[in-house]
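Working notes, structure below.
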Amino acid sequence: MQEQYRTLAREGVHETEINRSRFICALAPVATEEEAQTFVARIRREHPTATHNCFAYVLGADASVQKASDDGEPGGTAGVPMLQMLLRRDVRYVAAVVTRYYGGVKLGAGGLIRAYSGVVGEALDALGTIVRQRYRLVTVTVDHQRAGKLENDLRATGHTVRDVRYAEQVTLEVALPDARTEAFVRWLADATAGTAKWEFGGEAYGEL
C-alpha cells in the first residue's frame with residue numbers, strides 16, 4: 001500500500017465562463033467506482049439541458065483506476081485533459097464532472113483542452129485537498145477502571161482512537177503510523193502498568 005495519498009477536502013462546485021460558454025466543474029471525494037458513477041449520474045440529472053457533461057475519476061492510492069469521457073466533445077479534448085489535471089495535482093479517490101453550456105463561440109481543440117483542464121484545476125484550488133496517511137490498526141483491551149484514563153491519554157498524546165467498545169472489558173481501536181508501532185507498545189505498557197492487551201490488525205488510511 002502507498003504510505004499516503006492526497007484527496008479532495010470536500011464536495012463542491014466551481015464555475016467559469018470562457019467565450020460565452022459556461023463551464024461548471026463539480027468535484028466529489030469517492031471511495032468506489034459505483035460512487036463515482038452515481039455522482040456523475042446525479043450531476044447529469046441536475047443539468048439535463050447542458051450541451052455536455054464530461055467526467056473523469058481516479059481511484060486507488062496508486063491511481064489504479066482511471067476513467068474519462070468526452071460526452072460528445074471532440075475526442076481527447078475534455079475527459080482526458082480533466083483526468084490529466086487530477087493526476088498532475090496528485091489527487092486520488094476523486095470524481096470530476098464538467099458541465100458545459102455552449103455560448104455560441106467555438107473554442108477549437110486547444111481551447112477546449114485548456115478550458116476543461118483549467119476549470120478542474122481551479123475547482124481543486126477552491127475546494128482544497130487533504131493528505132491521508134496509511135496506518136496500522138491495533139486493538140487494545142483494558143479493564144473498565146483504566147479505560148477512561150487510557151482513552152484520554154491516547155488522545156492527549158496525539159494517537160488516533162478510531163473506535164471504543166464497551167463489553168466485559170473495554171476495547172479501543174487505535175491507528176498508528178508503522179514507524180510508531182514499537183514505541184506504542186512500550187508506551188502502552190507504561191501507561192497501563194502492563195495490564196492492557198494489544199493485537200495488531202490490518203491497515204487503513206486516515207487524515208494526516
Side-chain angles (χ1 to χ4, degrees), residues 1-134 203-208:
M1 295 174 74
Q2 300 277 112
E3 282 301 310
Q4 57 182 226
Y5 67 88
R6 184 174 299 280
T7 192
L8 190 66
R10 60 187 175 88
E11 182 177 331
V13 177
H14 174 78
E15 180 175 345
T16 190
E17 185 175 312
I18 301 170
N19 287 348
R20 299 207 297 268
S21 278
R22 291 174 63 201
F23 289 87
I24 306 166
C25 179
L27 293 178
V30 291
T32 64
E33 267 202 277
E34 183 179 3
E35 281 188 22
Q37 291 163 1
T38 299
F39 175 68
V40 172
R42 170 161 65 86
I43 300 303
R44 283 180 167 161
R45 285 195 303 273
E46 291 175 5
H47 296 278
T49 62
T51 317
H52 306 281
N53 283 292
C54 308
F55 73 82
Y57 56 82
V58 181
L59 299 171
D62 57 354
S64 57
V65 177
Q66 303 175 19
K67 292 285 176 63
S69 167
D70 296 313
D71 191 37
E73 291 280 30
T77 63
V80 169
M82 291 166 60
L83 178 62
Q84 289 172 339
M85 179 58 72
L86 295 176
L87 295 172
R88 192 178 310 141
R89 292 295 189 89
D90 209 29
V91 289
R92 306 289 185 260
Y93 292 104
V94 62
V97 182
V98 175
T99 299
R100 182 189 183 191
Y101 287 92
Y102 182 56
V105 178
K106 292 185 177 181
L107 300 182
L112 288 172
I113 290 168
R114 287 189 296 272
Y116 278 100
S117 63
V119 72
V120 172
E122 291 171 10
L124 288 170
D125 290 339
L127 298 172
T129 59
I130 56 173
V131 175
R132 295 178 71 82
Q133 170 75 40
R134 181 169 65 90
E203 297 176 330
Y205 285 97
E207 190 172 339
L208 191 60

Using the ring-ring contact (aromatic ring centres under 6.0 Å, His included) criterion, which residues pair with Y101? Sequence neighbours excluded. H47

Within 6.0 angstrom of R44 CZ, more than 12 heavy atoms from elsewhere: yes

Side chain to side chain donor-acceptor pair (under 3.5 Å) involving R89 - partner list, sequence neighbours excluded: D125

Check whether any side-chain heavy atom of V91 sits under 4.5 Å from a side-chain heavy atom of V58, and report yes or no. no

For E15, give me all partners under side chain to side chain donor-acceptor pair (under 3.5 Å), at least two apart in sequence or on another chain. R22

Consider side-chain contact (heavy atoms from CB on, under 4.5 Å). Of I113, V120, V119, which one does P81 pass it with? I113

Donor-acceptor contact below 3.5 Å, side chain D71 vs main chain H52: no

For P29 and E35 the tightest heavy-atom approach is O-OE1, 4.4 Å

Donor-acceptor contact present, side-chain T99 to main-chain N53, <3.5 Å: no

Who pairs with S64 by side chain to side chain donor-acceptor pair (under 3.5 Å), at least two apart in sequence or on another chain? D62

Minimum heavy-atom separation for T51 to Y102, with atom names? OG1-N, 2.9 Å

Checking E122 now: which residues fulfil salt bridge (Lys or Arg N to Asp or Glu O under 4.0 Å) with it, not counting sequence neighbours? none

What residues form a side chain to side chain contact (heavy atoms under 4.5 Å, CB included) with A26, not counting sequence neighbours? V13, F39, I43

State which residues pass side chain to side chain contact (heavy atoms under 4.5 Å, CB included) with T7; sequence neighbours excluded, sorted by chain then number. Y5, Y93, I130, R132

Among residues at least two apart in sequence or on other chains, which ones pass salt bridge (Lys or Arg N to Asp or Glu O under 4.0 Å) with R6? none

For Q37, which residues count as a side chain to side chain contact (heavy atoms under 4.5 Å, CB included) partner, sequence neighbours excluded? E33, Y57

So, for G128 and L8, which heavy atoms are closest and what is the spacing to 0.1 Å? O-CD1, 3.6 Å

When every non-hydrogen atom of H14 is compared with those of A126, the smallest separation belongs to ND1-CB, 4.3 Å

Mind checking the CG-CZ spacing from L83 to R88? Nearest 0.5 Å is all I need. 10.5 Å

With sequence neighbours excluded, tell me which residues meet side chain to side chain contact (heavy atoms under 4.5 Å, CB included) with L107. I18, N19, F23, R100, L112, A115

Which atom pair, heavy atoms only, marks the closest approach of C54 to S69? CB-O, 3.3 Å

Minimal non-hydrogen separation, L86 against A96, with atom names: CD1-CB, 4.4 Å

Taking the side chain as C-beta and beyond, is there a heavy-atom pair between L87 and R92 under 4.5 Å? yes

Residues in salt bridge (Lys or Arg N to Asp or Glu O under 4.0 Å) with R42, at least two apart? E11, E46

